[in-house]
Amino acid sequence: MYTSSWCASVLGLGFLVLPALVAAVPLPATGRTLSRKGAVVLPFIKHKHSRGLLARDGDDDGDVLGGSVGLGDSADLFYTVAVTVGNSTTAVNLDTGSSDLWVMSTDCHTTQCQASAAQPFDVTKTFRPTGNTVTLKYGDSVTGTHASGPVGRDTVTLAALTMENQPLAAVNDTDNSAVSNGGAGILGLGFPGQSFVQAAAINAEFTNTQGTDTFIEQTGNSGPLVSRLIMADMIDEPLFAITLQRDTIDVSGVGQITIGQLPEGVDNSSITWVPVRLYDAADGGVAAPSFAPSEVYPLRWEVELDGVYLDGKKLPDSKQQANGIKTPSLSALIDTGNSLIRGPSDVVNDILTKVSPSFAADPTAQPILPCDAGHNLTFQIGGKFFPVDPRDFVSQNAQGDATNCVANNVVSTDPPGVGALFSWNLGDPFLKSNMVVFYYGNLTHPSVDPPRMGFLSLVPQNADELLDQAVEEAQKSGGSFETKMDSAPTASSLITEDEASTAASSQPTSTTSLPSTNVAANQDSITSSASAPAQSATQSQTTSGSLSHRLPDGHGAWSLFLLPTLALLGSLCIL
C-alpha cells in the first residue's frame, strides 16, 4: 500500500546556517474566470501569448487557455494524473506531501519497475541530464521506500499547462509502489523548501552558491512545477484544489484537481480558511533572511487542529513523547500521497479500542467491527468540523464477507519531531470526504500574502444510511463490495480562446474570489514563538555525481546549500 507520509530522525550534529533569501515582487491574486469542464480542470491562462502554452496540433484557431485530464485511482489507494514529459505521456501520483517530480525511466529494472504496466520515460531522447543524482526517501519509520536517479530537465505538460526546462528525476532505482499501482512516478505539489530536485539542479549549474540566495533566486527557473507556474504568472491564482473519488465500499464522488482557481460552482464563502503552519529555524524551518528578519516560511501543507472527535466525543490529547521538540503539536499534514489516516499511537489505539471488540480484547488483533457500524472520525479545523465519511472508515476484511469489516484506514505513525511538527497525517480517506484548497501565497515573502488552506466538507447528511445500503447490497451480491479502478487518461481536452469566449457568453461565471489578506492576522497562532539564534553565512561547494537526500528533514532542500558537514546528519524521510 503506497503511503507518502513522513519521518524525521536527527542522528548527527545539529543544524547549520540558512542565510539570506532573495526578494520578489508580490504575485497578483486576481484573474478572469471562464467556465470549465472535465475531471481534472486546468485554469485559463491570463495572458494571450503566455510562453510555455501547449498549442493544439495542426490548429492555429485561437490560443490555448485551459484543458482537462482525468484523475485515476487504484482501489482508493493511489490517485494519479497523466503528464507528458518530453515525448512520453504517463500517469504519476498526486502528492501534496512532497515537492519533487520523478518518473520511472527505461533504465529502471527493479522488481517494481518490471512489474509496472505504465509507460516508462525514455531518457535517450529529450532528457538533458545535469550531472547530479538524487535519492528520495518516502514513508515513516515503519513504511519506507526510496526512488533515485539522475536529475535533468525536459518539457513537462499537465493538460494545457506546459513548462519548458522543468527539473525532474529520471528514476532508475526504486521500490516505491508509485510504479506498481497504475502509475510511473510522483508529482510533488509541496513548497520549494522541500524540493531536493530543485537543489540538485541548481547545484549542478552554479559553482559558488551563497547560503540559500541562489536557491530562492532560481525558484522560477528550477522549482517544482506549480511553483514555477506561479512565478511565471501563468495561472490566475497561486492555488490548487483537490477532491478524490471513492472507488471502494460505495463507488461515488467526483475526483478533481483544479490549478489556478476554485472548482466550478464553489463559492469562497463556503470554504473555511486557515493559515498554513510556519516553521521557524528552531523548529527546523528556513532561517529568516537578513533583509527580512521577521519572515517565517512554510515547509509543508500543515494546519493546526482544534481537536479530534470520535462519534461526537472529543478524544484525549496524545501523551506520546516528541522527538527533539518540547511540546508535541496538535496539527496535521494534508497528504494526498498517503492512502491512510495516520496519528499518534495512543490516540489511534484509543479509537480502535472503542470501535472494535476484538482489538479491545487483544491490541495485537485486527480491529474487526461490523461493516455497518457507521463510526464518525472528525477533525476540528478553524472552529468547524470536518468528518471522515463512515464509508471511508472501514475496509472489507475478507472477500465474500460483508458483515465483518476492518478499521485499517486509521493507523499509528511516528511522533512529532524537528522539521515535522505534525502529529496527524490526513491522507486519502480525509480527501474523499473533504475538498481541500492549497493556497501558496507569496513564495518569497509569506507575510505579504500568507499561505493558507481551505476546507469544505463533502460528507452527506445521510452518510450512515448510504453505508448501510452499501453493506446490504454487498450481502445480497455474494458478500463483495462494489469496487472499480480508474485509469488516468493519457489525452487532454484543450480549450482555445475562441471556444472559451463562446462558452463564457452562454454559461454563468463561477465565483472564485479568494480570502482577503486578513487571514494573516491569524498567522501568530501557528508561528512558533521560539526565536532563531543569530547565525552567520556559510558558503557551500557545488557537488557532482550522487546527491543524497539523507538530510535533516527540518531544513528540507535548503540544507543542500551548506557544507559537506551535512553528511554527519542522519537518515530520514523527506515527506
Side-chain angles (χ1 to χ4, degrees), residues 1-7 40 69 71-74 76-83 85 90-104 112 118 134 136-140 143-148 156 158 166-169 171 174-198 223-227 229 239-244 255-257 259 276 298-302 332-342 413 420 422 425-432 436-438 440 453 488 549 553 556-557 573-575:
M1 178 178 296
Y2 174 62
T3 60
S4 169
S5 57
W6 59 274
C7 70
V40 177
V69 293
L71 190 63
D73 175 32
S74 175
D76 290 349
L77 301 177
F78 186 80
Y79 290 82
T80 56
V81 64
V83 296
V85 180
T90 191
V92 291
N93 178 232
L94 288 170
D95 186 16
T96 59
S98 67
S99 301
D100 291 317
L101 169 64
W102 64 265
V103 291
M104 169 185 68
Q112 287 76 13
V134 291
L136 307 171
K137 292 190 176 294
Y138 297 86
D140 57 20
T143 63
T145 64
H146 72 277
S148 61
V156 176
L158 178 60
Q166 177 62 39
L168 70 145
V171 165
T174 184
D175 59 354
N176 194 291
S177 56
V179 302
S180 58
N181 280 312
I186 290 176
L187 173 60
L189 298 172
F191 291 99
Q194 285 295 99
S195 176
F196 297 94
V197 167
Q198 175 179 343
L225 179 61
V226 177
S227 295
L229 292 173
L239 64 78
F240 62 93
I242 289 179
T243 59
L244 301 180
Q256 177 175 275
I257 176 172
I259 302 177
V276 167
L299 195 63
R300 311 169 182 278
W301 290 113
E302 179 182 344
L333 175 70
I334 311 300
D335 188 358
T336 60
N338 172 21
S339 61
L340 305 169
I341 300 291
R342 295 176 174 267
T413 192
F422 50 90
N425 185 321
L426 306 186
D428 296 343
F430 182 83
L431 286 135
K432 284 183 288 181
V436 181
V437 185
F438 302 77
Y440 290 88
M453 298 184 71
H549 287 176
D553 190 61
C573 297
I574 66 171
L575 297 189

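Just so you know, residue 1 is the first one in the sequence shown, and it goes up from there. Quantities reported herein were computed from a predicted structural model and do not represent experimental measurements.
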For V436, side-chain contact (heavy atoms from CB on, under 4.5 Å) partners two or more places apart
I334, F430, L431, F438, M453, F455
Are any of the side-chain heavy atoms of L426 and I341 separated by less than 4.5 Å?
yes
Any V134 side-chain heavy atom under 4.5 Å of W102 side chain:
no
Start with the C-alpha distance between V171 and M104, add both sets of side-chain angles, then the distance that settles side-chain contact (heavy atoms from CB on, under 4.5 Å), and finish with yes or no.
CA-CA 5 Å; V171 165; M104 169 185 68; 5.5 Å; no
What are the two closest non-hydrogen atoms of S98 and I186, and how far apart are they?
OG-CG2, 3.9 Å
Kindly compute the distance separating CD1 (I242) from CD1 (I257), expressed to the nearest 0.5 Å.
4.5 Å
Rounded to the nearest 0.5 Å, what's the gap from CG on D95 to CG on L101? Could you check?
11.5 Å
How close do A118 and G183 get, heavy atom to heavy atom, and via which atoms?
CB-O, 3.4 Å
In short, D100 meets S195 closest at the heavy-atom pair OD1-OG, 2.7 Å
Residues passing the side-chain hydrogen bond (donor to acceptor under 3.5 Å, both in side chains) test with W301, sequence neighbours excluded, are none
Give me the atom names and distance for the closest heavy-atom approach of F422 to R300.
CE2-CD, 3.4 Å
Measuring only between side-chain heavy atoms, which start at C-beta, is Q194 closer than 4.5 Å to L299?
yes
Say you draw a straight line from OH of Y79 to OG1 of T243; how long is it, rounded to the nearest 0.5 Å?
10.0 Å
Side chain to side chain, Q198 and P167, heavy atoms closer than 4.5 Å:
no
Side chain to side chain donor-acceptor pair (under 3.5 Å) between S339 and D428: does it pass, once the steps are laid out?
CA-CA 5 Å; S339 61; D428 296 343; 5.5 Å; no
